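Keep in mind it's a predicted model, so treat the numbers as computed, not measured. Because only heavy atoms are used, hydrogens play no part in the values below, and waters and symmetry mates are left out as well, while side chains stay in. One-based numbering along the sequence shown.
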Amino acid sequence: MDDNVMAALAGLLEALGRIEAERPGKPCSLAKLSKQAGLPMSALRRQLTLLEEAGLVALTLDDGGVTGTIELSPTGRQLLGH
């Protein structure tokens, strides 16, 4: 994976960490994370897939896969020191 992709994934994890710190115990909507990270939904979903495969986030999609929620996994929280 190149440095740009790694930086984008790290930025996304940091944004999710900030959101979770503001609202502990509550999953974040994909729309909120998209807005916080400044990413279009298509790019966000691709990056979240990579983070989910790495075991750093838990992604729950609603019917149709258009909307959903995201939260850090225990491994993701540990990585960020939460």
Residue pairs passing the side chain to side chain donor-acceptor pair (under 3.5 Å) test where at least one lies in residues 66-80, sequence neighbours excluded: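 Passing the test, one end in residues 66-80: E20-R77, D62-T67.
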Hey, what do you get for SG (C28) to CD (E22), rounding to the nearest 0.5 Å?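 Taking SG in C28 and CD in E22, the distance rounds to 9.5 Å.
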Working to the nearest 0.5 angstrom, can you tell me the gap between L48 CG and I70 CD1?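 L48 CG to I70 CD1: 4.5 Å, rounded to 0.5 Å.
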Let me check something: any side-chain donor-acceptor pairs from residues 50-60 under 3.5 Å, sequence neighbours excluded? List them with distances.
none

Under 3.5 Å, side-chain donor or acceptor atoms of residues 29-43 against the rest of the protein: list the pairs with distances, not counting sequence neighbours.
| residue | atom | partner | partner atom | Å |
| --- | --- | --- | --- | --- |
| S29 | OG | K32 | N | 3.0 |
| S34 | OG | L39 | O | 2.4 |

For residues G17 and L80, report the shortest heavy-atom separation together with the two atoms involved.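 That would be CA-CD1, 4.0 Å.
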